[in-house]
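Every chain is numbered from 1, with letters handed out A, B, ... down the list of sequences.
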2 protein chains.
Amino acid sequence: MNTYIDKINNYLKALDNDTLKALESISSTKNYKKGDLLLKQNEVCGRSYWVLSGIARKYYLNDGKEITTELYFEDDLAVSFESYTLQQPSREFIEALSDVTVSITNYQAFQNAKASYPKLLILDLMLAEYHGIWLENRLFQFHTMSATERYLDILKRSPHIIQTIPLTIIASYLGISLETLSRIRAKI
Amino acid sequence: MNTYIDKINNYLKALDNDTLKALESISSTKNYKKGDLLLKQNEVCGRSYWVLSGIARKYYLNDGKEITTELYFEDDLAVSFESYTLQQPSREFIEALSDVTVSITNYQAFQNAKASYPKLLILDLMLAEYHGIWLENRLFQFHTMSATERYLDILKRSPHIIQTIPLTIIASYLGISLETLSRIRAKI
DNA sequence: TCCATTATTTGACCTTGGTCAAATGTTCTT
DNA sequence: AAGAACATTTGACCAAGGTCAAATAATGGA
């Protein structure tokens with residue numbers, strides 16, 4: 001299941017020194033505290049966040065309710081994809097669910113670097129492809145699985161999510177109400 | 001709404017002659033008849049299909065039922081994304097819904113061409129980004145809109161879909177049963 | 001044109017999951 | 001340790017959409 005992420009990591013490891021240096025030179029490490037917003041709605045997502053430690057999530061508001069669209073753990077890349085890609089205001093927030101440390105890369109600096117270091121362009125493509133595949137699978141799950149099945153799937157595939165994240169957030173990530181999730185948990 | 005597609009088209013138009021020639025040299029035109037399968041489940045999606053005329057769709061089977069995941073019209077690029085990207089067996093079919101003419105590009109030939117013509121790499125990235133954005137919006141719709149709202153949205157945004165495609169297919173594309181779609185249509 | 005086939009509609013009933021409200025548990029402060 | 005604030009569970013009821021079955025269109029051949 002992680003094959004493509006592995007491929008990207010291998011690609012990163014195999015990058016030549018110059019390219020890696022260029023990438024490092026436009027990145028910087030930063031800490032956020034639990035509850036901090038790395039990106040707010042209506043801001044343009046002008047940087048990508050590579051999670052070094054901690055947990056974060058992306059969500060939007062739908063008549064007052066927070067709908068979680070993605071959860072980020074170590075080595076995940078947090079970005080509001082449409083906002084980042086088109087450099088237009090984001091409908092999503094990115095929030096630290098614990099204290100987190102991230103490596104931040106500026107969008108424009110990365111665009112510039114891609115021109116000089118073509119391997120970064122390939123990396124960019126790989127990340128976009130990975131995200132597309134991830135999205136297709138998420139869509140597939142919503143089409144083919146019931147709420148219970150989706151919960152069991154996450155429980156099997158990513159138990160750390162269930163253990164570390166409040167149920168309200170998990171419920172919205174699964175696309176169900178908090179009460180329904182609680183009832184699903186009540187029976188096995 | 002079409003801004004990114006426009007951007008891609010402009011990019012294509014602005015491609016230098018050498019790159020365009022290279023792209024043409026690895027592409028060929030082909031006709032399919034209504035009902036033909038351009039890609040079958042379990043096949044590796046080894047080529048991309050640029051629709052020149054006609055209509056096609058992508059779908060998979062979920063306990064015997066066909067779930068339509070994408071509809072293709074003129075100037076759309078038909079591809080089973082995960083299968084194409086990872087060159088692994090597809091869970092989806094691609095089917096001609098009318099007689100269609102497509103421009104076919106071989107996966108491996110395109111990969112090779114990207115090495116010689118870096119602008120094709122940028123094109124590849126743009127297509128992946130476009131697909132990702134499209135997927136995010138589709139997911140957003142499923143999360144925030146009722147069946148009726150999704151139908152009205154498609155009716156407003158893409159009336160040609162409603163006019164030309166059988167309701168069974170539209171229903172599965174909207175993620176609802178044929179009967180529910182029929183009832184939605186009954187009341188305005 | 002007439003039949004066979006396929007599309008669409010309609011009815012009756014059921015299931016999943018949502019909503020509102022209240023009851024418990026937990027945690028973090030001070 | 002006592003609250004305040006938040007997290008989770010439970011109950012009662014509701015609504016959207018699904019399923020199964022049958023009735024009507026609509027369409028393409030021979």
In this structure, how many angstroms lie between the P atom of D:dT19 and the CG atom of B:Asp63, rounded?
9 Å

Give the rounded distance in Å between these two atoms: CD of A:Glu149 and P of C:dG17.
9 Å

Candidates C:dT19, D:dT19, D:dT10 - which lies nearest the side chain of A:Ser177
C:dT19

Nearest-Å distance, NE2 (B:His143) to C1' (C:dG18)?
16 Å

Between atom CZ in B:Arg183 and atom P in C:dT9, what is the gap in whole Å?
11 Å

When rounded to whole Å, the CE to C1' distance for the pair A:Met145 and C:dG17 reads 16 Å

In whole angstrom, give the distance that lies between atom NZ of A:Lys187 and atom P of D:dT8.
19 Å

Below 30° counts as parallel, above 60° as perpendicular, anything between as tilted: where do the rings of A:His143 and B:Phe142 land?
perpendicular

Nucleotide D:dT24, atom P - distance to CD of B:Glu179 in whole Å:
17 Å

Does B:Arg47 make a cation-pi contact with B:Phe110, if we ask for NZ or CZ under 6.0 Å from the ring centre and within 45° of the axis?
no

For the residue pair A:Phe73 and A:His160, categorise the inter-ring angle as parallel (less than 30°), tilted (30 to 60°) or perpendicular (more than 60°).
perpendicular

How close or far is atom P of C:dG25 from atom CG of A:Leu178, stated in whole angstroms?
17 Å

On DNA chain D, does the nearest nucleotide to B:Lys65 precede the nearest nucleotide to A:Thr180 from the 5' side, or the other way round? Give the residue.
A:Thr180

Which of D:dT9, C:dT9, C:dG18 is nearest the side chain of A:Ile176? It is C:dG18

Any donor and acceptor pair, going by atom type alone, linking the side chain of B:Tyr72 with main-chain N or O of B:Lys58 inside 3.5 Å?
no

Does OP1 or OP2 of D:dT9 have a side-chain N or O of A:Arg185 closer than 4.0 Å?
yes

Out of C:dT8, D:dT10, C:dG17, minimum distance to the side chain of A:Ser182 belongs to D:dT10

